[in-house]
K.L.:
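Mind having a look at this structure? Questions to follow.
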Amino acid sequence: MVSGEQQHFDLAYVRAGPRNDRPLLVLPGGPGLASVMPYRPLRAAAAARGLDTIMVEHRGVGLSRTDGEGADLPQDALTMAQVADDLAVPSTPSLSCPGSTGRAR
């Protein structure tokens with residue numbers, strides 16, 4: 001969760017479309033709209049076009065807001081560098097299960 005520590009949290013994501021080894025990573029966002037939920041029509045349209053699409057709820061947002069015990073992530077776990085590092089997670093095999101969450105440090 002924080003560099004140098006062994007704490008973890010669930011990095012929530014959704015995946016739609018046929019699976020392949022080069023999914024499209026779509027970053028939800030905008031002022032006040034970082035959740036994946038409002039983008040369901042976009043994911044459905046992408047899936048209908050055959051795109052393997054992954055959308056992540058960034059750390060500190062929605063289902064990626066809390067640690068394993070339900071407490072809000074600490075401020076030092078919410079840096080832009082850590083959020084950017086989390087985007088490397090979709091290349092791991094743990095994302096092959098639809099509807100589950102990946103693990104991030």
Side-chain angles (χ1 to χ4, degrees):
M1 179 167 35
V2 177
S3 181
E5 294 185 17
Q6 292 300 314
Q7 295 173 306
H8 293 83
F9 73 100
D10 288 331
L11 182 66
Y13 67 91
V14 293
R15 191 169 189 176
R19 303 299 189 264
N20 65 52
D21 61 349
R22 299 190 79 171
L24 173 65
L25 177 62
V26 179
L27 305 176
L33 193 60
S35 173
V36 300
M37 296 310 292
Y39 296 95
R40 181 175 278 156
L42 174 71
R43 291 191 307 274
R49 289 175 174 79
L51 296 172
D52 181 7
T53 305
I54 296 174
M55 293 186 92
V56 176
E57 286 202 331
H58 305 290
R59 60 171 65 211
V61 174
L63 297 174
S64 297
R65 185 177 58 82
T66 59
D67 65 18
E69 310 215 350
D72 285 345
L73 296 179
Q75 285 296 102
D76 59 345
L78 301 175
T79 69
M80 292 304 292
Q82 291 161 324
V83 171
D85 285 347
D86 291 343
L87 299 180
V89 172
S91 66
T92 66
S94 68
L95 289 177
S96 62
C97 302
S100 64
T101 58
R103 296 294 270 176
R105 288 181 183 242

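Just so you know, these numbers come straight off a predicted model, no measurement behind them.
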K.L.:
Got a second to check how far Arg43's CZ is from Met55's CE, nearest 0.5 Å?
P.N.:
6.0 Å
K.L.:
Would you mind telling me which of Asp86, Val36, Leu11, Leu73 makes a side-chain contact (heavy atoms from CB on, under 4.5 Å) with Ser64?
P.N.:
Leu11
K.L.:
Can you tell if the side chain of Val14 reaches within under 4.5 Å of the side chain of Glu57, non-hydrogen atoms only?
P.N.:
no
K.L.:
Could you list the residues that satisfy side chain to side chain donor-acceptor pair (under 3.5 Å) with Thr66, not counting sequence neighbours?
P.N.:
none
K.L.:
Any chain of hydrophobic side-chain contacts (each under 4.5 Å) joining Val83 to Tyr13?
P.N.:
no
K.L.:
Does Asn20 have any side-chain contact (heavy atoms from CB on, under 4.5 Å) partners at least two apart in sequence or in another chain, and if so, which?
P.N.:
Arg22, Pro23, Asp52
K.L.:
How about Met37 and Pro28: do any of their side-chain heavy atoms sit closer than 4.5 Å?
P.N.:
no
K.L.:
If you compare all heavy atoms of Gly60 against all heavy atoms of Leu78, which two are closest, and at what distance to 0.1 Å?
P.N.:
CA-CD2, 3.7 Å
K.L.:
Using every non-hydrogen atom in the two residues, find where Pro18 and Ala47 come nearest and quote the distance to one decimal.
P.N.:
CD-O, 4.2 Å
K.L.:
Give, for atom CE of Met80 and atom NE2 of His58, the distance between the pair rounded to the nearest 0.5 Å.
P.N.:
8.5 Å
K.L.:
Membership question, hydrophobic clusters at under 4.5 Å side-chain separation (ILVMFWY): are Leu25 and Val61 in the same one?
P.N.:
no
K.L.:
Are Leu24 and Leu42 connected into the same hydrophobic cluster when the rule is that any two of I, L, V, M, F, W, Y join if their side-chain heavy atoms are below 4.5 Å apart?
P.N.:
yes
K.L.:
Val26 versus Tyr39: any side-chain heavy-atom pair under 4.5 Å?
P.N.:
no
K.L.:
In Å, rounded to the nearest 0.5 Å, how long is the span from OG1 of Thr53 to CZ of Arg19?
P.N.:
9.5 Å
K.L.:
Output all residues satisfying side chain to side chain donor-acceptor pair (under 3.5 Å) with Arg65, sequence neighbours left out; order by chain, then residue number.
P.N.:
Asp72
